[in-house]
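Accompanying notes for the structure given below.
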Amino acid sequence: MKTLPFFCRGKVVRGFGRGSKELGIPTANFPDSVVERLPADISTGIYFGWASVGGGDIHKMVMSIGWNPYYKNTKKSMEAHIIHKFKEDFYGDVLSVVILGYIRPERSFNSLDSLVAAIHNDIEEAQRRLDSPEYRKLRDDFFTPTRDHILNGH
Ligand SMILES: Cc1cc2nc3c(=O)[nH]c(=O)nc-3n(C[C@H](O)[C@H](O)[C@H](O)COP(=O)(O)O)c2cc1C
Ligand SMILES: Nc1ncnc2c1ncn2[C@@H]1O[C@H](COP(=O)(O)OP(=O)(O)O)[C@@H](O)[C@H]1O
Ligand SMILES: [Mg+2]
């Protein structure tokens, strides 16, 4: 996928409210405008990368892009589960992400438990792969303001 790493940001919108309630895995959903602007060669599927809410701390994340075949959604969604415990919801805040790597295609499952188990595996894989020096460096390059940026802000 030649467009990775891919950086994007958008205000967190409401989805179907299933992530936290049914799966125990909340996902911050991007607005349609961001989903529509995805480069053509970013296929549907499960990805990992870094995320920051409202310009705050940078955390590992897993992202699902597509139609959630288990739920047979008719609208394409792009949603990030951030691997961090937040004190409260952050609907309306700006979510910045950099998508770095692909994990697997989206698929349907025979049970909710199997979907949840697959997502937990994705989280483990993301945790592991993001520890590599290459991805740590990308995190620093993308999110850490350089001295120039700070000076230009004056
Ligand atoms: C890492 C990850 C992997 C996912 N994999 C699948 C999948 O293989 N099939 C699927 O139907 N949905 C998958 N989902 C999407 C969930 O079904 C979706 O996040 C959930 O329905 C919550 O949606 P909501 O934000 O609209 O409430 C995945 C989500 C995440 C975060
Ligand atoms: N670790 C987290 N990752 C993603 N979203 C989180 C996290 N912790 C809390 N949230 C909040 O939970 C919301 C997503 O919950 P979810 O059940 O998927 O609802 P929705 O269907 O509206 O997206 C996010 O928009 C965010 O405000
Ligand atoms: Mg969600």
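Remember, it's 1-based here, ligands and their atoms both numbered in the order they're listed.
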| message | So which atom in G66 and which in T44 form the shortest heavy-atom distance, rounded to 0.1 Å? | response | CA-CG2, 3.8 Å
| query | Which residue holds the protein heavy atom closest to atom 8 (O) of ligand 1, what is that atom called, and what is the gap in Å? | reply | R104 NH1, 2.9 Å
| message | Side chain or backbone, does G19 bring an N or O within less than 3.5 Å of an N or O on ligand 1? | response | yes
| message | Rounded to the nearest 0.5 Å, what separates atom CE in M63 from atom CD1 in I42? | response | 9.5 Å
| field | Atom indices of ligand 1, in the order listed, that fall short of 4.0 Å to a heavy atom of G17 | value | 27 (O)
| said: Using 0.5 Å steps for rounding, measure from the CG atom of L115 to the OG atom of S108. | reply: 8.5 Å
Atom pairs and distances, ligand 2 N/O vs protein N/O under 3.5 Å:
from: ligand 2; atom 1: 1 (N); to: I82; atom 2: O; distance (Å): 2.8
from: ligand 2; atom 1: 1 (N); to: H84; atom 2: O; distance (Å): 3.1
from: ligand 2; atom 1: 3 (N); to: I82; atom 2: N; distance (Å): 3.1
from: ligand 2; atom 1: 15 (O); to: S20; atom 2: OG; distance (Å): 3.1
from: ligand 2; atom 1: 17 (O); to: G19; atom 2: N; distance (Å): 3.4
from: ligand 2; atom 1: 17 (O); to: S20; atom 2: N; distance (Å): 2.7
from: ligand 2; atom 1: 17 (O); to: S20; atom 2: OG; distance (Å): 2.7
from: ligand 2; atom 1: 18 (O); to: T27; atom 2: N; distance (Å): 3.0
from: ligand 2; atom 1: 18 (O); to: T27; atom 2: O; distance (Å): 3.0
from: ligand 2; atom 1: 18 (O); to: T27; atom 2: OG1; distance (Å): 3.2
from: ligand 2; atom 1: 19 (O); to: Y91; atom 2: OH; distance (Å): 3.2
from: ligand 2; atom 1: 21 (O); to: G15; atom 2: N; distance (Å): 3.3
from: ligand 2; atom 1: 21 (O); to: F16; atom 2: N; distance (Å): 3.1
from: ligand 2; atom 1: 21 (O); to: G17; atom 2: N; distance (Å): 2.5
from: ligand 2; atom 1: 22 (O); to: G15; atom 2: N; distance (Å): 2.8
from: ligand 2; atom 1: 22 (O); to: Y91; atom 2: OH; distance (Å): 2.7
from: ligand 2; atom 1: 23 (O); to: T27; atom 2: O; distance (Å): 3.0
from: ligand 2; atom 1: 23 (O); to: N29; atom 2: OD1; distance (Å): 2.8
from: ligand 2; atom 1: 27 (O); to: F90; atom 2: N; distance (Å): 2.7

| request: Check for a donor-acceptor pair, side chain of S20 on one end and backbone N or O of G24 on the other, with a separation under 3.5 Å. | output: no
| query | Do ligand 1 and Y71 have nitrogen or oxygen atoms that lie under 3.5 Å from each other? | reply | no
| said: Taking the six-membered ring for Trp, are F6 and Y47 closer than 6.0 Å centroid to centroid? | reply: no
| Part of E79 with heavy atoms under 4.0 Å of ligand 1, whether side chain, backbone, both or neither | side chain
| said: Give me the residue, atom name and distance of the protein heavy atom closest to atom 11 (O) of ligand 1. | reply: Y70 N, 2.8 Å
| task | Please check if atom CG in N110 has more than 12 non-hydrogen atoms from other residues, nucleotides or ligands closer than 6.0 Å. | result | no
| Is the closest heavy atom of A118 to ligand 1 under 4.0 Å? | no
| Any Lys/Arg nitrogen of R129 or E125 sitting under 4.0 Å from an Asp/Glu carboxylate oxygen of the other? | yes
| query | Looking at V13 and P31, what are the two nearest heavy atoms and their distance? | reply | CG1-CB, 3.8 Å
| W67 near ligand 1 by a heavy-atom separation under 4.0 Å | no
| field | atom 27 (O) of ligand 1: the protein heavy-atom neighbour that sits closest, reported with distance to 0.1 Å | value | R18 N, 2.7 Å
| message | If the cut-off is 4.0 Å to any non-hydrogen atom of G15, which atoms of ligand 1 fall inside it? | response | 26 (O)
| Any idea which of R107, E106, H120 brings a heavy atom closest to atom 9 (N) of ligand 1? | R107
| query | Are K76 and D32 ion-paired here, with the side-chain N under 4.0 Å from a carboxylate O? | reply | no
| request: Pick one of side chain, backbone, both or neither for how L23 approaches ligand 1, counting any non-hydrogen atom pair under 4.0 Å. | output: side chain
| request: Starting from atom 4 (C) of ligand 1, find the nearest protein heavy-atom neighbour and note its residue, name and distance. | output: I46 CD1, 3.5 Å
| task | May I ask you to check whether I25 has an N/O atom sitting below 3.5 Å from an N/O atom of ligand 1? | result | no
| task | Check whether NZ of the Lys or CZ of the Arg R18 lies under 6.0 Å from the centre of the six-membered ring of Y71 and within 45 degrees of that ring's axis. | result | yes
| said: I'd like to check W67 versus K72 (side-chain heavy atoms, cut-off strictly below 4.5 Å). Are they in contact? | reply: no
| ligand 1 versus L115, non-hydrogen atoms closer than 4.0 Å: side chain, backbone, both, neither? | side chain
| Do any nitrogen or oxygen atoms of F16 come within less than 3.5 Å of a nitrogen or oxygen of ligand 1? | yes
| note | Contact region, S64 to ligand 1, non-hydrogen atoms below 4.0 Å, reads side chain
| query | Between N29 and ligand 1, which residue portion shows a heavy-atom distance shorter than 4.0 Å: side chain, backbone, both, or neither? | reply | side chain
| request: Could you walk me through whether D41 and S43 pass side-chain hydrogen bond (donor to acceptor under 3.5 Å, both in side chains), step by step? | output: CA-CA 6 Å; D41 82 328; S43 63; over 6 Å; no
| Sub-6.0 Å ring centroid separation between Y70 and F109 | no
| query | Tell me, which protein residue and heavy-atom name are nearest atom 31 (C) of ligand 1, and how many Å apart are they? | reply | T27 CG2, 3.7 Å
| Per-atom contacts of ligand 1 with V62, taking only distances under 4.0 Å to non-hydrogen atoms | 1 (C)
| task | Before signing off on this row, confirm whether H81 and ligand 1 have an N or O atom pair separated by under 3.5 Å. | result | no
Donor-acceptor contacts under 3.5 Å from residues 80-98 side chains, at least two apart:
from: H81; atom 1: ND1; to: P26; atom 2: O; distance (Å): 2.8
from: S96; atom 1: OG; to: R9; atom 2: NE; distance (Å): 3.1
from: S96; atom 1: OG; to: R9; atom 2: NH2; distance (Å): 3.3

| message | Strictly distance-based, threshold 3.5 Å: is any side-chain N or O of W50 a donor or acceptor partner for the main-chain N or O of Y135? | response | yes
| remark: Output field for angle at the Mg ion (ligand 3), N29.OD1 vs T27.OG1, rounded to 10°, should show 100°
| remark: CD1 (I46) and CD1 (I119) are apart, to the nearest 0.5 Å, by 7.5 Å
| field | side-chain hydrogen bond (donor to acceptor under 3.5 Å, both in side chains) evaluation trace for E79 with S77 | value | CA-CA 6 Å; E79 18 184 303; S77 73; 2.9 Å; yes
